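Reviewing the structure listed below.
Reckoned from all heavy atoms, side chains included, excluding hydrogens, waters and symmetry mates. None of these values were measured; they are calculated from a predicted model. Proteins come first, then strands; the chains are lettered A, B, ... in the order of their sequence lines, and each starts at number 1.
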2 protein chains.
Amino acid sequence: MNEIEVFRKYVKESGLRNTPEREVIIEEIFLTHDHFDVDTLYLCLKNKKCSISKASIYRTIPLLIESGLIKEVFFEDGHMHYEHVLGHEHHCHFRCLGCGKIIEFKEDEVMDIEKKFSRSHGFEVTGHKLELFGYCRECLKKEGKDRRVSTVDRVDRN
Amino acid sequence: MNEIEVFRKYVKESGLRNTPEREVIIEEIFLTHDHFDVDTLYLCLKNKKCSISKASIYRTIPLLIESGLIKEVFFEDGHMHYEHVLGHEHHCHFRCLGCGKIIEFKEDEVMDIEKKFSRSHGFEVTGHKLELFGYCRECLKKEGKDRRVSTVDRVDRN
DNA sequence: ATTATTATTGAGAATCTATTGCAATAATAA
DNA sequence: TTATTATTGCAATAGATTCTCAATAATAAT
C-alpha cells in the first residue's frame, strides 16, 4: 500500500472525506525522502501550479500523523519539522551543534532499552526518539570556533 | 557550588553583569525539581511579590543553558519546556500517550550507543536525548480509549 | 443522476510564543 | 563618585499556528 492508499483507507475508516488538496499535499511530501516543514511545503506547492492554503496544510498534518504516514521529528528555528514514517525505516538522529547538520543512523540497541523499561514498569512502549548531539568531523577541525549550545537557544554576544 | 554560585561564576567569566532579577529567576526555578516553562515561571513570580517581565525571563534562559544550569527537554503545547541539569543527574523520559504523564528513568546503555556512533563516524558526541513513548499501566487498563498520537498534534473529532 | 448533509477549503483575523527597539535604570570598573 | 554600558520593562514586532466563516464540494441517501 502506498501513501495515498494508506491515507484513503484511514479517511474512510475515520469517517472523514478525502480531497484533491490532501492528496496533492501527500504526493508533494513523498516526492523526496527528506525532512520537511510547513512553510517549505507550502512554497513548493505554490511554485508549481497547485497552490494550497497554509490553513489546509496545517489541518492536514495531524491527519497524516494519525494515519501513520509522517511524524514530528524536532522543533527547530521556531517551527516543527516532520519526516516520513511509511517506507522509511526507523532511525535515530545525530545533530551537529557546530553546523546544524543532521545525520541519520540506525541503532537496534534501543530496542533492548525499550524492552527493559517495558518489563520493569509494566508499560507498553510503542516507540522512541533518540537524538545524539555533538560535533561532526568538519566542525572538529575548526575546533572551538562557532560552538553553540543549541540551534534554538543560541546566545550571540560579541 | 550551588546554582547561584555557578551562575555568578559564569557571569563573571563571560563579562556579563549579574542582577537581582536573574537570581530571583534562578531561585524560583530551583525551588522544585520539576520541569518548567516560561509562562508558569512568569506566573509563579507574579503571584509572589517579585514580578519580572517576560522579556527578562526569555533573555535569561539562554544564559542558564550556557552556564549549564538547565536545558531544553521537549517542545510541547506550543512552547519549550526546560529542566535542571545541575544537581539532577542525566536521565531519559517516558511519555504516556494516553494521559501525557512523563516518567524519568536512568539508562546507561545509551552511552554504549554514543561510543559506537562516535567511533564509527569520527565525531565527538557530547550528549543525547532519549524519549520512549507508549502507554502507562493505568492507561492500558482503560484500553483503547483516549489514545492519541502525540500531545501536540492531537485531533479532536467527535 | 439528484439532492441533502456536512466536512473541507481559502482568506483573513485572531492568538500565542518569542524577539527586539528604546528609554530609563543600575551593575561594574576606574 | 563617576563613567561606561549591560540590563530591565514596556510596547511593538515577527513568526507560527489556530480559528472564523462563507463558499464549495465529497459522500450518502433518494
Side-chain angles (χ1 to χ4, degrees), chain A residues 4 7-26 36-43 45-46 49-67 72-82 150-158, chain B residues 4 7-26 36-43 45-46 49-67 70 72 74-82 150-158:
Chain A
I4 297 289
F7 188 71
R8 286 180 183 156
K9 182 165 177 288
Y10 165 76
V11 156
K12 179 143 294 186
E13 287 171 350
S14 310
L16 302 174
R17 291 176 188 174
N18 198 8
T19 67
E21 287 83 358
R22 289 175 177 173
E23 297 208 349
V24 165
I25 290 172
I26 293 171
F36 69 95
D37 57 75
V38 169
D39 204 59
T40 56
L41 178 57
Y42 171 73
L43 291 175
L45 292 172
K46 189 172 192 166
K49 51 185 172 283
C50 39
S51 199
I52 289 174
S53 77
K54 272 195 185 172
S56 290
I57 296 179
Y58 275 113
R59 282 184 287 225
T60 299
I61 291 223
L63 305 182
L64 302 185
I65 293 176
E66 279 229 329
S67 61
E72 303 182 333
V73 267
F74 39 71
F75 184 85
E76 187 177 294
D77 298 325
H79 58 267
M80 189 54 74
H81 294 249
Y82 307 88
S150 132
T151 317
V152 178
D153 286 286
R154 180 176 195 171
V155 183
D156 276 313
R157 194 169 54 259
N158 38 20
Chain B
I4 297 289
F7 188 71
R8 286 181 182 154
K9 183 166 178 289
Y10 164 75
V11 156
K12 179 142 293 185
E13 286 170 351
S14 310
L16 303 173
R17 290 176 189 173
N18 197 9
T19 68
E21 286 84 357
R22 289 174 178 174
E23 298 209 346
V24 166
I25 291 171
I26 294 171
F36 69 94
D37 58 75
V38 169
D39 204 58
T40 55
L41 178 56
Y42 171 73
L43 291 175
L45 292 172
K46 190 171 192 169
K49 52 188 172 279
C50 39
S51 199
I52 289 175
S53 76
K54 271 194 185 172
S56 290
I57 296 178
Y58 276 114
R59 282 184 286 225
T60 299
I61 291 226
L63 306 182
L64 301 185
I65 293 176
E66 279 229 328
S67 62
I70 66 171
E72 302 181 333
F74 40 71
F75 184 86
E76 187 176 296
D77 297 324
H79 58 266
M80 188 55 72
H81 295 248
Y82 307 89
S150 132
T151 317
V152 179
D153 286 283
R154 178 175 196 175
V155 182
D156 276 315
R157 195 169 53 262
N158 39 18

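Whole-Å rounding puts the B:K12 NZ to C:dA27 P distance at 14 Å. In this structure, CD1 of A:I61 is placed 8 Å from P of D:dT17, rounded to the nearest angstrom. Atom OH of A:Y42 and atom P of C:dT9 are 15 Å apart (whole Å). The distance between atom CZ of A:R8 and atom C1' of C:dA7, rounded to the nearest whole Å, is 18 Å. The CG atom of B:L43 sits 10 Å away from the P atom of C:dT17 (whole-angstrom rounding). The distance between atom CD of B:E23 and atom C1' of C:dA26, rounded to the nearest whole Å, is 14 Å. The CG atom of B:D37 sits 11 Å away from the C1' atom of C:dT17 (whole-angstrom rounding). Rounded to an integer number of Å, the gap from A:F7 CZ to D:dA26 P is 14 Å.
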> Which dot-bracket string describes DNA chain C (Watson-Crick N1-N3 plus N6-O4 or O6-N4, or G-U N1-O2 and O6-N3, all under 3.5 Å; [ ] crossing; | other strand)?
Replying inline: ||||||||||||||||||||||||||||||

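For A:E21, the side-chain atoms get nearest to C:dG10 when compared with the rest of D:dT7, D:dT8, C:dG10. Each of D:dT7, C:dG10, C:dA18 was ranked by its minimum atom distance to the side chain of B:H79; first place goes to C:dA18.
To the nearest 0.5 Å, the span separating OH on B:Y42 from CG on B:D37 amounts to 14.0 Å.
Among the heavy atoms of the strands lying under 4.0 Å from B:N18 are primed sugar atoms or P, OP1, OP2 only; no base atom is included. Contacts of B:R59 with the nucleic acid, taken as non-hydrogen atoms under 4.0 Å apart, include base atoms.
Interface remark: the A:R17 side chain does form a donor-acceptor pair with the C:dT6 base, using a distance-only criterion of under 3.5 Å.
Close to C:dG10, at under 4.0 Å from its OP1 or OP2, lies a side-chain N or O of A:S56. A:T19 has a side-chain polar atom (N or O) that falls below the 4.0 Å cut-off from OP1 or OP2 of C:dT9. Side-chain nitrogen and oxygen atoms of B:Y58 include none within less than 4.0 Å of the OP1 or OP2 phosphate oxygen of C:dT19.
Side-chain contact between A:Y10 and A:L16 is present, with at least one heavy-atom pair separated by less than 4.5 Å.
A side chain to side chain contact (heavy atoms under 4.5 Å, CB included) with A:L41 is found for one member of A:I57, A:I52, A:T60 and no other, namely A:I57.
Classified by interplanar angle (parallel below 30°, tilted 30° to 60°, perpendicular above 60°), the ring pair B:F75/A:F75 is parallel.
For A:K9, the side-chain hydrogen bond (donor to acceptor under 3.5 Å, both in side chains) partners two or more places apart in sequence, or in a different chain, are A:E13.
When all heavy atoms are compared, the tightest approach of B:N18 to B:V11 is N-CG1, 3.5 Å.
No donor-acceptor pair closer than 3.5 Å links the side chain of A:R22 to the backbone N or O of A:S56.
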